[in-house]
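Structure first, commentary second.
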Amino acid sequence: MGGKGFIGVFDSGYGGLTVLNELRKRLPQYDYIYLGDNARAPYGNRSFDVVHDFTLEAVRFLYNKGCRLVILACNTSSAKALRTIQQRHLKEMDPSFRVLGVIRPSTETIGSYSKTKHIGILGTDGTVHSNSYGIELNKFSQGIRLTQQACPMWVPLIESNKHISESGKAIIKEDFLSLIEKDPEIDIVLLACTHYPLIAPYLEEISNGRVRIISQGPIVADKLKDYLNRHKTLQHQISQKSECLFLTTERPEVFNKSAENFLSMKVNAEQVKIS
Ligand code: DGL
């Protein structure tokens, strides 16, 4: 594909907006396409094969829309689909097209944040049970004691806007406390699901200063900035009009309302079919 193109940002739903927000703060000059597969979210409890197939459909769709680079702003997709897509599918599609995930940049960075070297991870069932964080962290920060907690209800609660209800908050609190009680020496908790920064203020309230809560958006944005500086050919292929297009597989009215709440800007999403 010739000419300039976009940076694609993909998530099963709204979570990737927390990454997009940080990308647009640090790299405001570029053009972005955000795609949320809201109609099929959550991905967290789905099998490897299904997450792989859904993610590949999204990646192909974004490539055909003119993206030169796609960030899988979804830990579940990064854990279950990224490697196969990078190793098997990109070559057939276009060897100059790039797909990057969120786990590697997080594990490269997070070890240096902890004084006790005891780190807690909150993620979807899929992310936690893939042990991708355990495997990747071992490569970059040896000697870290990692404790993980799957929070299977959090994405469904956030996608349906029920995380603010009393029953939703009770579930969130129980999972959060169960993580930090498993290892009292944890000083850093990584929100290893891009939906979770949407409830970070509530998590801070529960933590009450006991642990530092880290969101991935700023880490991913810093790493992408660095990556583009090191990959000039790709950098020059991305158009720079500071535009952002929002696409969703669900009804746009629903997407717009949630996205506007989070991004504090007017959002006019388009509904698309990706399968
Ligand atoms: N934001 C996705 C993640 O980072 C949520 C996955 C899901 O849909 O369960 O894992």
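Order of appearance sets the numbers: ligands from 1, and atoms from 1 within every ligand. Worth saying up front: this structure is predicted, and the values here are computed from it rather than measured. Scope of the values below: all heavy atoms of this structure, side chains included, with no hydrogens, waters or symmetry mates.
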Ignoring hydrogens and geometry beyond distance, is a side-chain donor-acceptor pair present between S47 and D49 at under 3.5 Å?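 There is no such pair between these side chains.
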I'd like to know if the side chain of N75 pairs up with that of Y133 as donor and acceptor (distance under 3.5 Å, no hydrogens or angles considered).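 Short answer, yes.
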Could you name the protein residues that come within less than 4.0 Å of ligand 1, counting only heavy atoms, and order them by chain and residue number?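 Contacts of ligand 1 under 4.0 Å: D11, S12, P42, Y43, G44, C74, N75, T76, T124, V155, C193, T194, H195.
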Near-ring test F6/Y32, centroid separation under 6.0 angstrom: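 When the ring centroids of Y32 and F6 are compared, they turn out to be at least 6.0 Å apart.
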Whether R212 engages the ring of Y113 as a cation-pi pair (distance to the six-membered ring centre under 6.0 angstrom, angle to the ring normal within 45°) should be assessed.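 Yes, a cation-pi geometry holds between R212 and Y113.
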Is there a side-chain contact between I171 and F176 in this structure, where contact means two heavy atoms from C-beta onward sitting under 4.5 Å apart?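 SC-SC contact between I171 and F176 ruled out.
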Please name the pair of heavy atoms, one in A81 and one in H52, separated by the smallest distance, quoted to 0.1 Å.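 Reported closest heavy-atom pair: CB-CA, 3.7 Å.
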